[in-house]
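Supplied in structure tokens, the structure appears directly below.
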Number of protein chains: 2
Amino acid sequence: MIQSTPVATGVTTPVDVCTVAPPAHPRPDGQDRYTISEVAAWTGLSAHTLRWYERIGLMPHVDRSHTGQRRFTNRDLDWLVFVGKLRLTGMPVAAMVRYAELVRAGESTFEERRELLETTRRDVLARIAELNGTLAVLDHKIGFYGSRPPAAD
Amino acid sequence: MIQSTPVATGVTTPVDVCTVAPPAHPRPDGQDRYTISEVAAWTGLSAHTLRWYERIGLMPHVDRSHTGQRRFTNRDLDWLVFVGKLRLTGMPVAAMVRYAELVRAGESTFEERRELLETTRRDVLARIAELNGTLAVLDHKIGFYGSRPPAAD
DNA sequence: CGCTTGCTTGGAGTGCACTCCAAGGTTCTA
DNA sequence: TAGAACCTTGGAGTGCACTCCAAGCAAGCG
């Protein structure tokens, strides 16, 4: 299952990574220079995965300390939160990389970005419909096995 | 994406594979002895996948012709339709195999089967909630890119 | 200063769900 | 009855999304 990897618990501010400089929301320790393990803990992704995201172009190039260690900014955190959402949609990594490329390419790609997101949106709606279809079957069968699905949820 | 593999288009009868002999619904050519390629065409699964399902125990053992070729019955078709639904829920194959084992084990496993399906149901609800969450983000961002999401759907 | 813990890299490995292959036997149509 | 099309098997290969490894610097504390 693609389901819930615990992405970024504890965020309360509405996120707004949209391409062009959103006002950065100060994060946990407010330094704007987080190590990879801090970011890993904060996002729920592994450090491995964060490096991998950078390698495949899913992260804009991350700042480095004078000795070459990664220092993530609040902006990077915002981006990762958004990427986490895209991942939850079921969007393949290749498409997320494409989106990241468009973001790097600047404003001229607004239209294509919108299209990509709208395609994703349609996919999500289709998937929800599909899941609702399976719910019907599941409920039918659960009824068959002698108990109603729990009323609450 | 796990999404829509075209599973069994053209089914109109409500399916009811539930374990204990449901009245078989006559299928397309009404012979009750379909070759693997007929079943592949009918379910949208590949012949490879059908053989693989049998190998891993996701299919009850399929009838054979006197020379050893598979001959699927309407019952098998019903089962495959149901398995297709389970697959759409995002249930891992291993869990579907577990369910198939329980079915083979007989009535004493009703309770465990019900639990398995209810767990799956909860997973589906959670996934739908997750997807609705992504829709909110998607819509926000699509609005950001200068056009509202299409009104219809 | 030394020590532990953390970070770096390229490349290899993992798990899932298929997907395909080769070599040969079977079935159907003309 | 020939030939095309289809079926069989075990095992190997594929694509995706990570996940881990080894060898070697870097950072922070007493």
Original post:
Any side-chain N or O of A:Arg64 less than 4.0 Å from the OP1 or OP2 oxygen of D:dC25?
Top reply: no
Subject >> Residue among A:Asp63, A:Thr73, A:Asn74 satisfying side-chain hydrogen bond (donor to acceptor under 3.5 Å, both in side chains) with A:Tyr34 >> reply: A:Asn74
Original post:
So, B:Ser46 side chain and B:Thr49 main chain: donor-acceptor pair closer than 3.5 Å or not?
Top reply: yes
Original post:
Hey, does the side chain of B:Thr35 come within less than 4.0 Å of D:dC7's phosphate (OP1/OP2), counting only N and O?
Top reply: yes
Subject >> Nearest-angstrom distance from the residue atom CD1 of B:Ile56 to C1' of C:dC16 >> reply: 11 Å
Original post:
Could A:Arg127 and A:Glu130 be called an ion pair, given the rule that one side-chain N must be under 4.0 Å from one carboxylate O?
Top reply: yes
**OP:** For B:His61 and D:dT8, give me the distance from atom NE2 to atom P, rounded to whole Å.
**Re:** 14 Å
**OP:** Would you kindly give the CD-to-P distance between A:Glu54 and C:dC7, to the nearest whole Å?
**Re:** 14 Å
Original post:
Can you give one letter per nucleotide of nucleotides 18-30 of chain C, 5' to 3': B if a protein heavy atom sits under 4.0 Å from the base, S if only from the sugar-phosphate, - if neither?
Top reply: BBB----BSS---
**OP:** Nearest whole angstrom, please: distance from the C1' of C:dG6 to the CG of A:Leu50.
**Re:** 15 Å
**OP:** Using atom CG of A:Leu58 as one end and atom C1' of D:dC16 as the other, report the distance to the nearest whole Å.
**Re:** 14 Å
Original post:
Who passes side-chain contact (heavy atoms from CB on, under 4.5 Å) against A:Ser108, sequence neighbours left out?
Top reply: none
Subject >> Student check: side-chain heavy atoms of A:Thr89 and A:Arg121 closer than 4.5 Å >> reply: no
Subject >> Minimum-distance nucleotide (side-chain atoms of A:Ser37 versus C:dT8, D:dC7, C:dC7) >> reply: C:dC7
Original post:
Between A:Arg70 and C:dT8, is there a side-chain N or O to OP1/OP2 distance below 4.0 Å?
Top reply: yes
**OP:** List in chain and number order the residues that pass side-chain hydrogen bond (donor to acceptor under 3.5 Å, both in side chains) with B:Arg55, two or more places apart in sequence or in another chain; answer none if no residue qualifies.
**Re:** none
